Amino acid sequence: MLDAELTAARHRRAGEAPRVLDVGGGSGVLAVALAAEGCSVTVVEPSPNALATLHRRAQEAGVADRITAVQGDSDALDQLVGAGSADLVLAHGLLEVVDDPAVTVTALAGALAPGGVLSVLVANRFAAVLHRAISGRLVDARRLLDDPAGTLGGPGEALLRRFDVEGLRALLAGGGLAVELIQGHSVVADLVTGSVLEANPGGPDALAELELVAAVTPPLRDIATRLHGVARR
Ligand SMILES: C[S@@+](CC[C@H](N)C(=O)[O-])C[C@H]1O[C@@H](n2cnc3c(N)ncnc32)[C@H](O)[C@@H]1O
């Protein structure tokens with residue numbers, strides 16, 4: 001779906017490079033891949049270490065001229081990038097760690113050009129429960145299930161919150177965006193062990209096919225490790 005968006009943006013811009021904004025872009029895995037496909041990418045990221053790795057990665061891939069790295073926080077997005085400037089805004093792994101996800105979604109929406117899309121990838125609270133239960137951490141699984149934010153809290157917990165399908169949909173709609181898709185990311189792949197896959201001839205292909213269908217089939221979608229939301233301005 002995002003490929004089709006970039007093609008449409010290229011047409012709208014009469015062949016000019018689509019403009020992508022990757023907020024919380026980390027060390028630039030996605031940014032470099034998109035720049036290699038001809039996009040003009042701005043990465044907003046607070047961590048200097050991540051930005052240093054991004055810089056190295058972009059140099060090695062020969063796309064440094066297509067990436068602008070900005071050290072900063074999503075809270076100050078309106079001061080860092082132009083309003084209404086991006087065809088595609090990415091926030092992958094970001095909404096779980098910001099102070100206020102509703103404020104962040106509004107800021108992300110403000111950076112979108114009319115007709116542009118926001119892509120978010122977030123941790124799923126129900127998958128976190130299942131994964132702990134399967135690994136025998138049953139007390140943690142129950143605590144996660146009971147916690148309104150879907151977190152364990154404390155020093156071992158990296159995230160401030162996890163999401164479910166309806167919570168994510170409401171969050172995106174609350175930012176004034178039209179939600180076009182919520183699909184699962186890794187529904188069964190994280191539940192199938194490597195040894196089971198190896199013992200099964202054709203296993204990896206069959207798993208990939210199963211994933212494609214499960215990703216858009218509730219209630220399987222609803223227990224995916226991560227949820228992918230796409231919403232349009
Ligand atoms: C889980 S990583 C995801 C990195 C990348 N987007 C990916 O999908 O691989 C989250 C990133 O968000 C950054 N981050 C945390 N708080 C942020 C904020 N308030 N604004 C922007 N980025 C933030 C972190 O430094 C980290 O690089």
Side-chain angles (χ1 to χ4, degrees), residues 1-9 12 18-26 30-31 34 39 41-45 72-78 80-128 147-151 158-187 212 214-233:
M1 177 178 189
L2 296 184
D3 284 347
E5 285 305 323
L6 293 174
T7 304
R12 276 201 305 276
R19 293 183 197 165
V20 177
L21 171 64
D22 190 357
V23 184
L30 256 176
L34 287 167
C39 297
V41 187
T42 300
V43 176
V44 172
E45 165 60 49
D73 201 276
S74 58
D75 288 345
L77 203 57
D78 59 343
L80 301 173
V81 298
S85 59
D87 301 302
L88 171 62
V89 173
L90 304 171
H92 291 186
L94 177 72
L95 296 176
E96 302 93 323
V97 296
V98 294
D99 291 339
D100 184 336
V103 168
T104 301
V105 167
T106 301
L108 297 170
L112 278 173
V117 294
L118 168 64
S119 165
V120 301
L121 202 55
V122 296
N124 180 352
R125 55 179 302 166
F126 296 123
D147 186 81
T151 67
L159 306 182
L160 295 177
R161 67 192 68 81
R162 293 181 176 82
F163 296 84
D164 57 33
V165 169
E166 288 319 315
L168 180 59
R169 195 188 297 283
L171 180 65
L172 296 175
L177 299 171
V179 181
E180 295 197 344
L181 176 76
I182 306 243
Q183 69 175 23
H185 196 275
S186 199
V187 178
L212 275 181
V216 291
T217 308
L220 287 172
R221 170 201 63 179
D222 307 351
I223 58 160
T225 302
R226 297 202 284 176
L227 298 170
H228 183 203
V230 176
R232 192 177 300 277
R233 176 174 167 196

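Given the structure is predicted, the values throughout are model-derived calculations rather than measurements. The basis for the numbers below is simple: all heavy atoms, side chains too, and nothing from hydrogens, waters or symmetry mates.
Of the residues R226, R169, E96, the one that meets the side-chain contact (heavy atoms from CB on, under 4.5 Å) test with F163 is E96. For the pairing with R162, the side-chain contact (heavy atoms from CB on, under 4.5 Å) check across V122, T151, L95 returns one residue only, T151. Partner of L112 under the side-chain contact (heavy atoms from CB on, under 4.5 Å) criterion, chosen from L21, L177, D87, L88: L177.
You'll find the side chain of T104 stays beyond 4.5 Å of the side chain of V23, heavy atoms only. With contacts defined as side-chain heavy-atom distances shorter than 4.5 Å, the pair D22/T42 does not qualify. L108 has its side chain within reach of L77: a pair of non-hydrogen atoms, C-beta onward, lies under 4.5 Å apart.
Of all non-hydrogen atoms in P18 and A9, the two that sit nearest each other are CB-CB, 4.0 Å. In plain terms, the two heavy atoms of S74 and A107 that are nearest each other are O-CB, 4.1 Å. Pairing each heavy atom of L159 with each of A123, the nearest pair is CD1-CB, 3.8 Å. In terms of heavy atoms, E45 sits closest to G25 at OE1-N, 3.6 Å. When all heavy atoms of V105 and G175 are compared, the pair lying nearest together is CG1-CA, 4.0 Å. For A149 against D147, the heavy-atom pair with the smallest separation is N-OD2, 2.9 Å.
Here the OG-CG distance, from S186 to L227, works out to 11.0 Å after rounding to the nearest 0.5 Å. One distance of note links CG of D75 with CG of D99; it measures 5.5 Å at 0.5 Å rounding. Residue H92 holds its NE2 atom at 4.5 Å from NE2 of H228, rounded to the nearest 0.5 Å. If you take CG on L34 and CG on L6, they are separated by 6.5 Å, rounding to the nearest 0.5 Å. For the atom pair CZ (R125) and CD1 (I223), the distance works out to 15.0 Å, reported to the nearest 0.5 Å.
Judged purely by atom type and a 3.5 angstrom limit, R221 has no side-chain atom pairing as donor or acceptor with the backbone of V187.
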Apply side chain to side chain contact (heavy atoms under 4.5 Å, CB included) to D164 and F126, showing your working. CA-CA 7 Å; D164 57 33; F126 296 123; 3.6 Å; yes
E5 vs R232, test: salt bridge (charged side-chain N to carboxylate O under 4.0 Å, His left out). Steps then yes/no. CA-CA 10 Å; E5 285 305 323; R232 192 177 300 277; 2.6 Å; yes
